[in-house]
There are 2 protein chains.
Amino acid sequence: MDFLLQHFSDITSVPENLKQELLKRVQLHTFKRNEVIQRADRVCKRTYLVKQGLLRIYFNKDDKIITDGFAAENEWMTSAYSFMRVVPDQYEIAAIELTQAYSLSLEDLMYLFEHFHEMERFGRIVMSMQFIKQSERLNSIRFTTPKEKYEHFCNTYKYILGRVPLGMIASYLGITQETLSRVRAGS
Amino acid sequence: MDFLLQHFSDITSVPENLKQELLKRVQLHTFKRNEVIQRADRVCKRTYLVKQGLLRIYFNKDDKIITDGFAAENEWMTSAYSFMRVVPDQYEIAAIELTQAYSLSLEDLMYLFEHFHEMERFGRIVMSMQFIKQSERLNSIRFTTPKEKYEHFCNTYKYILGRVPLGMIASYLGITQETLSRVRAGS
DNA sequence: CCCCACATTTGATTCAAATCAAATAATTAG
DNA sequence: CTAATTATTTGATTTGAATCAAATGTGGGG
């Protein structure tokens with residue numbers, strides 16, 4: 001449980017009673033390699049914090065699987081729109097490798113936001129960080145060549161490289177597998 | 001001032017003392033048509049809430065001006081990375097038409113976050129909404145044809161259409177002016 | 001009110017990456 | 001350990017939008 005509280009403490013101060021409430025509400029899961037955590041067409045009920053391992057979010061577009069993101073240690077993963085708005089969506093989440101993750105339900109999260117200023121701050125800071133990350137990704141997708149996309153990925157997410165098939169990285173970067181292969185070959 | 005408090009109240013409850021502090025710290029600006037509010041290579045010191053009019057954020061890429069976003073009534077505008085991290089960046093912000101906007105400095109914002117749970121909640125909710133909006137934009141840029149991009153823009157931002165030159169919309173959508181023109185001609 | 005800078009359209013051509021196709025390499029489940 | 005599946009590379013071709021080029025339209029400052 002130290003991991004969980006450490007994660008929160010790294011972002012903002014956590015008073016003792018918030019710690020208690022967090023520990024009371026959080027669930028710890030173990031997901032097998034390739035286990036599907038969240039299925040398409042369902043409401044995503046929980047948000048996950050990866051303790052160890054690697055999660056992936058993806059969806060089916062014209063019979064191709066498009067990877068939309070990864071979450072490794074200390075990163076949060078949920079199908080954001082489905083989770084926040086409590087509506088089904090097309091995203092699935094699965095474990096790429098054996099993964100341990102904590103999770104919170106929307107109700108518990110809301111309870112904690114409601115009762116703890118620090119939790120609200122935590123939420124604001126995490127959302128801000130996600131927003132900034134997503135901006136960078138948007139700019140990368142809009143304005144860079146396949147080669148630059150791959151290089152940026154290598155620089156930013158080298159800890160993911162080698163843990164996932166290249167096809168997943170290609171679709172995450174918004175290019176085809178073939179193009180990624182050629183980029184890597186250096187032509 | 002009613003506008004400002006209404007904007008906050010629409011998102012979360014605002015206790016009387018927070019109202020006081022908000023009113024004490026907020027500035028009201030009037031920007032002329034085409035007036036530049038934020039210059040490139042500078043730290044963006046404030047975040048703006050548009051009361052009336054239209055702001056635009058853009059940057060120079062290879063001698064082309066790329067529009068990155070708009071903010072109309074009840075929308076926030078800032079150069080997010082620069083503002084949050086207190087570093088200069090390449091974005092500029094200008095008024096497209098005569099605009100009235102409230103603004104807050106980072107220090108004031110932090111003060112309000114620090115002292116008011118409700119302000120923190122407001123920040124969290126606004127960041128979440130921005131995140132979701134940005135996700136939709138990312139998907140639009142990644143997966144849709146120029147025609148679909150334009151249709152989506154018309155559906156979502158029709159109140160902007162007609163108030164800005166088409167070139168700005170084209171670069172916002174990630175297509176060229178020529179392509180947008182052809183899409184509109186319907187071919 | 002008119003002219004000029006800017007905005008928009010239209011046409012011809014180019015090009016980068018997608019698609020289509022298939023061979024080769026590497027995992028993994030039995 | 002080996003067959004079968006999955007991943008990766010490599011090659012040929014297509015294609016949609018960018019680029020290049022230029023004509024036409026238009027609105028707002030003088």
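This is a predicted model, so every value here is computed, not measured. Here is the naming used below: chain letters follow the sequence lines, and residue numbers restart at 1 for every chain.
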Whole angstrom value for the distance that separates P of D:dA17 from CZ of B:Arg182: 11 Å
Interatomic distance where CG belongs to B:Leu180 and P belongs to D:dG16 [whole Å]: 18 Å
Just how far, in rounded Å, is C1' of C:dA18 from CD1 of A:Ile66? 12 Å
For B:Asp63 and D:dT19, what is the distance between atoms CG and C1' respectively, to the nearest whole Å? 15 Å
N/O (side chain, A:Lys64) to phosphate O (OP1/OP2, C:dT19) under 4.0 Å: yes
In terms of side-chain geometry, is the basic nitrogen of B:Lys133 or B:Glu75 positioned less than 4.0 Å from the acidic oxygen of its partner? yes
Which nucleotide, C:dA7, D:dT8, D:dT10, lies nearest any side-chain atom of A:Glu178? D:dT10
Heavy atoms only, 4.0 Å cut-off, all strands: where does A:Ile175 land among base, sugar-phosphate and nothing? sugar-phosphate
Salt bridge check, A:Arg121 against B:Glu120: does any charged N sit closer than 4.0 Å to a carboxylate O? yes
Scan side-chain atoms only and decide if A:Asp10 and A:Gln6 contain a donor-acceptor pair under the 3.5 Å cut-off. yes
Strictly below 4.0 Å, N to O, side chains only: are B:Glu97 and B:Arg163 in salt-bridge contact? yes
Whole-Å distance, A:Gln177 CD to D:dT9 P, equals 9 Å
Quick one: do A:Arg142 and B:Asp68 make a salt bridge, cutoff under 4.0 Å? yes
Would you mind telling me which of D:dA17, C:dA18, D:dT8 lies closest to the side-chain atoms of B:Thr145? D:dA17
Side-chain N or O of B:Ser181 closer than 4.0 Å to phosphate OP1/OP2 of C:dT8: no
Side-chain N or O of A:Thr179 versus OP1/OP2 of C:dA18: is the shortest distance under 4.0 Å? yes
Give me the distances for all protein-to-nucleotides 23-30 of chain C N/O pairs that come in under 3.5 Å?
residue: C:dT28; atom: OP1; partner: A:Arg33; partner atom: NH2; Å: 3.0

Can the ring centres of A:His7 and A:Tyr102 be said to be less than 6.0 Å apart? no
Taken to the nearest whole Å, CZ/B:Phe143 to P/C:dA17 is 17 Å
Using a strict cut-off of less than 4.0 Å between a Lys/Arg side-chain nitrogen and an Asp/Glu carboxylate oxygen, indicate whether B:Lys24 and B:Glu21 qualify as a salt bridge. yes
What's the CZ-P distance between B:Arg142 and C:dA17, to the nearest Å? 16 Å
Taking atom C1' of D:dT8 as reference, at what distance in whole Å does atom OH of A:Tyr150 sit? 12 Å
